[in-house]
Amino acid sequence: MFISSQRSAPSFRDFTLVMPAVAVGNVGQLAVDLIVSTLNMSRVGHIHTDCLIPMAGNNPYASCKEDGEELHTPAEVYAAAELKLAVLQIRAPILQSKTKKFRQLLVSWIKSSGFSRTVVLSSSHAYQRDDQQLQGTPLRYLVTPSLLKGSADALKELGWREMERVPAFPGLTDGNTEPRLCIPGGGITKGLYTDSCKEDLPLAVLLLFCSEGDNIPDAFALANHLNDWLHLLDDNVSDTTAQH
């Protein structure tokens with residue numbers, strides 16, 4: 001359930017929603033932090049749910065002492081009305097027994113809010129790539145049929161690589177077995193994408209193959225990859241803007 005932090009609930013109709021998947025290296029979450037801080041987005045509410053591990057903390061984007069004393073929760077929504085952009089930041093792991101419920105909550109909120117498209121920033125284990133996934137850039141994308149209708153030309157122009165389907169049983173040649181979508185370490189990414197296909201939601205996944213460690217460079221790469229498409233900034237996100 002979305003709870004507004006303002007007296008009147010904001011309208012997200014025709015906004016783009018960007019959100020992370022809690023995945024390997026926390027790359028999606030780090031990239032969302034970059035977007036919120038760089039664009040100086042305002043908090044407009046939070047998602048109240050029992051699907052996330054309970055937590056609370058100080059304002060992660062504090063610019064002064066007063067800001068730092070604000071209480072923040074695991075799933076918060078930020079907005080930049082001039083860009084028609086909303087961001088959902090998820091800061092806590094999803095309870096394993098409630099992943100399906102959380103996906104359903106997200107799909108329901110996305111549909112009722114009237115977002116024009118949703119972009120999920122995610123990651124996947126680099127060591128579990130197959131031979132074809134080792135080639136070229138570590139960045140991949142997925143789009144639902146609903147979003148592909150209006151974005152096919154833009155994606156073609158960007159020259160991005162779609163996430164490859166892999167054999168269900170690698171090494172075994174069976175003509176009856178179709179390749180499947182596999183995103184190891186991606187959390188709810190695959191499930192949310194599949195749900196969105198069924199619900200005819202315009203959703204894209206941008207993901208990066210990575211390993212656990214210092215994932216800040218991965219977050220910059222993913223945020224800039226998103227910016228190449230949505231043009232949220234005139235220039236790419238850099239270390240300088242993030243530190244500022």
Side-chain angles (χ1 to χ4, degrees), residues 16-39 52-53 55 60-61 74-75 87-94 96 99 102-103 106 118-144 155 158-168 170 179-194 196 203-230 232-233 235-243:
T16 294
L17 173 67
V18 176
M19 61 167 285
V22 182
V24 55
N26 301 317
V27 177
Q29 293 157 295
L30 290 169
V32 164
D33 275 340
L34 279 172
I35 293 164
V36 173
S37 57
T38 303
L39 296 176
L52 300 173
I53 293 177
M55 59 152 281
Y61 313 119
V87 167
L88 167 63
Q89 176 60 300
I90 302 171
R91 300 190 177 96
I94 304 164
Q96 195 168 0
T99 54
F102 188 60
R103 295 199 323 260
L106 288 173
T118 300
V119 184
V120 179
L121 303 181
S122 186
S123 49
S124 183
H125 283 301
Y127 73 88
Q128 289 192 245
R129 288 174 291 178
D130 73 353
D131 289 347
Q132 60 179 338
Q133 292 173 335
L134 286 166
Q135 300 170 13
T137 173
L139 292 152
R140 295 291 188 276
Y141 80 93
L142 288 165
V143 286
T144 61
L155 293 169
L158 286 164
W160 287 357
R161 289 190 63 167
E162 188 173 2
M163 183 68 171
E164 297 90 348
R165 271 62 175 176
V166 298
R180 61 176 183 170
L181 180 63
C182 187
I183 308 176
I188 66 168
T189 306
K190 179 183 173 182
L192 190 56
Y193 171 76
T194 304
S196 298
L203 178 140
V205 174
L206 302 189
L207 67 83
L208 182 142
F209 293 117
C210 70
S211 303
E212 295 278 4
D214 178 7
N215 296 104
I216 293 174
D218 296 325
F220 277 107
L222 195 57
N224 287 325
H225 200 53
L226 176 70
N227 192 51
D228 289 342
W229 179 25
L230 300 186
L232 302 174
L233 292 166
D235 299 310
N236 280 345
V237 183
S238 67
D239 294 278
T240 306
T241 55
Q243 290 165 3

Are any non-hydrogen side-chain atoms of [X] and [Y] less than 4.5 angstrom apart?
X: Leu203; Y: Tyr193; result: yes
X: Arg165; Y: Arg180; result: no
X: Leu207; Y: Leu139; result: no
X: Pro179; Y: Val166; result: no
X: Val18; Y: Leu121; result: yes
X: Asn215; Y: Cys210; result: yes
X: Val119; Y: Leu17; result: no

> Which residues pass the salt bridge (charged side-chain N to carboxylate O under 4.0 Å, His left out) test with Arg129, sequence neighbours left out?
Replying inline: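 Listed in chain order: nothing, the list is empty.
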Exam field: side chain [X] to backbone [Y], donor-acceptor pair closer than 3.5 Å:
X: Asn227; Y: Ala223; result: no
X: Tyr127; Y: Ser211; result: no
X: Gln89; Y: Val32; result: no
X: Lys190; Y: Leu181; result: yes
X: Asp218; Y: Val27; result: no
X: Gln133; Y: Phe209; result: no
X: Ser37; Y: Tyr61; result: no
X: Thr38; Y: Ile35; result: no

Nearest 0.5 Å please: distance from the [atom1] atom of [X] over to the [atom2] atom of [Y].
X: Thr137; Y: Leu208; atom1: OG1; atom2: CG; answer: 7.0 Å
X: Asp130; Y: Cys182; atom1: CG; atom2: SG; answer: 9.5 Å
X: Ile94; Y: Phe102; atom1: CD1; atom2: CZ; answer: 5.0 Å
X: Leu142; Y: Ile183; atom1: CG; atom2: CD1; answer: 5.5 Å
X: Leu232; Y: Thr16; atom1: CG; atom2: OG1; answer: 8.0 Å
X: Met19; Y: Thr118; atom1: CE; atom2: OG1; answer: 8.0 Å

Which heavy atom of [X] sits nearest to which heavy atom of [Y], and what is that distance?
X: Ser196; Y: Thr144; result: CB-CG2, 3.9 Å
X: Gln135; Y: Arg140; result: O-NH2, 3.4 Å
X: Gln128; Y: Pro184; result: OE1-CB, 3.5 Å
X: Ser123; Y: Ala23; result: OG-CB, 3.4 Å
X: Arg103; Y: Leu192; result: CD-N, 3.5 Å

> Of all residues at least two apart in sequence or in a different chain, which pass the ring-ring contact (aromatic ring centres under 6.0 Å, His included) check with Tyr141?
Replying inline: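 Partners of Tyr141 by the ring-ring contact (aromatic ring centres under 6.0 Å, His included) criterion come out as none, since no residue qualifies.
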> By side chain to side chain donor-acceptor pair (under 3.5 Å), which residues pair with Thr189, not counting sequence neighbours?
Replying inline: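 With sequence neighbours excluded, Thr189 shows a side chain to side chain donor-acceptor pair (under 3.5 Å) to Ser122, given in chain and number order.
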> Val22 and side chain to side chain contact (heavy atoms under 4.5 Å, CB included): which partner among Ile188, Leu52, Ile90?
Replying inline: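 Of Ile188, Leu52, Ile90, side chain to side chain contact (heavy atoms under 4.5 Å, CB included) with Val22 is met by Ile90 alone.
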